[in-house]
Amino acid sequence: MDVVEMALWAQANAKTLPSEGRVEKGSVDTGVEKGGKVSVESELVSKAEEEDMEALLGTYVLGIDEAEAFSERLKRELTALEAANVHAILESQPLVEEVLQQLDAAQGSVEDMDEWLGIFNVKLRHMREDIESIEARNNKLELQAQNNASLVEELNSLLEKLSIPPEFAAVLQSGTFEDARMPQNLEACDWLASSLRSLEAPYLDANYVNMRAVKEKRLELEKLKATFVRRASDFLRKYFSSVVDFMISDKTYFSQRGQLKRPDHADLRFKCRTYARMLQHLKNLDKSSLGPLRKAYCHSLNLLLRREAREFANELRASTKVSRSTGAWLESSQGGVAQGTGGADTSTVSDAYAKMLRIFIPLLVDESSFFASFMCFEVLPLNPHGADEDKDEDGDGGSAAETNGSDTKSTEQNPAELESLNLSLQELLDGIQEDFYAVVDWAYKIDPLRCISMQGVTERYLSAQKADAAGFVRRLLADLQSRISLQFNRFVDEANLQIEKHDRNVKQMGVLSYIPRFAALAGRMENLIQGNSRDVVDQAYMKLVNTMFAVLERIAQVDPKYQDVLLLENYAAFQNSMFDLANVVPTLARYYQQASEAYEQACTRYINSIINYQFERLFQFAQKVETLLYTISPEDVPIQIGYTKMDLRKTLKASLSGVEKALPAMYKRMQKHLTSEELLPSLWEKFKEDFMDKYESVEGLLAKCYPTEPLTPSSAEMKEIFKNFIF
């Protein structure tokens, strides 16, 4: 047996031996010490043991020839060890018996313990079942108690919702609406609204909605609501009427003779704001109740606004000092159509109209904005009037948020509410436009041209109004604009009619009267243009000038002899009078160009008629010769019948004999025809140019066809004759 195997066996079978049973240490070291136990480290061979084994093996270094001796030695040691083990086993028998006795005793105890545990287990099982039964009953009782508590709490909450405080019931049924009592009224309204809301889903459980008590209480609250809404509506209708009647009965609120009074609604709005929150509650309680209230408010305030506008317009017209001119641009049977253009200053007329707008348009916009917020329309706040210089300085406007504190955070307009608002504003402000129309008609009668400046003022206010804000005010301004345009077009039509009737079928000479009058009219119209009124004026220009030119052509045809003279004088007069304006007004520039072309054409025809009056035979002969040259050569012209040299001499003698006297006669003839002396020099120059062009053409033609027959006087001599001519 190897020493290592022996050590492992000793570890597995190690036992404590009594002191008297020790084994003497023999010659062989077995590794068992006195009174100790054979033990082996957890490791098979430690380092120390390895060193000991190496030392032990070192003592047995034998040669190959000593193998039998070494084997014999190992056998002896094995025998000794086996004997020692047997001895140790025999020595441990008493201990084994004692252990067996103790094991038997322990086994009996264990069996008794097992029997006791079985008994205790049965008892515990019965006890656990009893405890579970008790816990189940306790849980049921606890759940029942919780349910009862919740039910009591829910019933108390429901009873609280169903109860009507007597103080609120008294206020809603018979309370007064005095200013001092408004906090109590508003508090009662808050309670009523919240109570009605609390009896409806989702604020009330769906299981309670159909309960008899809930239905009865809801019906009672509805009756209370109907009573309060009816009482409040009756009070507000009477209140609106009484406040407005008081203001109408007080003359100090309106314009009086010698004193223009700006309408002041600050006190009215202050009184109305007292009931703004109550109107909000009425809307929440019964939205349909606002309809009659809005109508009542519109009716009452409409009377006030119309009275203020009428008194203001009357005093405005009475206090405006206007010097009527006796001059007239055109004679007219309609009084006032042609008045006011004779140099009189009528600016106060348009100033009065502008003042009417400056006072009332901001007022109407503010009233529209206040009405929309006060009467709880669900629309975006209306923008105030745009012109900064026209803002109402009274400070009585008040925004929607100041009026009723309603939420105005919505950024989208409600089309249905906006339409309803505009219908109400129609009722609120309807009829006031008549006073604006009266001012427009009054201004038109004094000076029709003031319609131009009034149109510009109206356009400025109209552009400042949003399309969806204060709709009636925008429509009012649009109607005023149409009214002004209608009156101005009426003036243009009547002036146009007077031009068409201008001395019809009567021989005319010189510049027609409406030419210089139109120049004065156009100058005044340009001075009055404001904003977009340019289009209106340009349309008037087009209508009047077209008629002027058409009538001029028609009158000129009455006497064909003087047709061109009349045309060139009038077209020249039109150009002279329109020169400055044509440089800045494109419409007049087009007509200036048209008149210039017509003037040139008339001048050409007139100069040709003057030339042909004295030299027609000469130039007709030259024209026939030019026509003949298309078919024959120049050398063959003198041999043609009617084109012989004799025929040429007769023509030259008839046309050019006494030409020195003919030219002054022609000048005097032109001087006799023209009534505008300033045109004569330019016409005479044109006459010379056209005549010399034709004369030189005849001279060249004769030199080509009749080389032996010179033109006398020649072109150079004719120029000298013109040069020596003394006017």
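Atoms considered below: every heavy atom in the structure, side chains included; atoms not considered: hydrogens, waters and symmetry mates.
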Crowding at [atom1], [X] (>12 non-hydrogen neighbours, <6.0 Å):
X    : atom1 : value
K694 : NZ    : yes
E600 : CD    : yes
K686 : NZ    : yes

Exercise. Parallel under 30°, tilted from 30 to 60°, perpendicular over 60°: which one fits the rings of F621 and Y643?
Worked result: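 F621 vs Y643 ring planes: tilted.
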
For this session: Can you label the angle between the F488 ring and the F491 ring as parallel, tilted or perpendicular, going by 30° and 60°?
Result: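 The rings of F488 and F491 sit tilted, inter-plane angle from 30° to 60°.
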
Distance-only polar pair, side chains of [X] and [Y], donor-acceptor under 3.5 Å:
X    : Y    : answer
K645 : T708 : yes
Q455 : S485 : yes
T348 : D351 : no
T458 : Y353 : yes

For this session: Only counting residues at least two apart or in another chain, list the ones meeting ring pair (Phe, Tyr, Trp, His ring centres under 6.0 Å) with Y706.
Result: none

Heavy-atom donor-acceptor pair, [X] side chain to [Y] backbone, under 3.5 Å:
X    : Y    : value
E569 : T675 : yes
R262 : I359 : no
S655 : L652 : no
S369 : V365 : no
T346 : V349 : no

Are [X] and [Y] ion-paired here, with the side-chain N under 4.0 Å from a carboxylate O?
X    : Y    : result
E696 : K719 : yes
D435 : R310 : no
D538 : R534 : yes
D493 : K543 : yes

Problem set entry | Stacked cation flag R490 on Y444, 6.0 angstrom / 45 deg | no

Problem set entry | Steps toward side-chain hydrogen bond (donor to acceptor under 3.5 Å, both in side chains) verdict (D441, Q487) | CA-CA 8 Å; D441 296 343; Q487 294 287 36; 2.6 Å; yes

Problem set entry | Residue pairs, two or more places apart or on separate chains, that pass ring-ring contact (aromatic ring centres under 6.0 Å, His included) and touch residues 578-607 | Y606-H673

Problem set entry | Centroid-centroid distance, Y514 to F518, less than 6.0 Å |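 Centroid distance Y514-F518: not below 6.0 Å, so no.
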
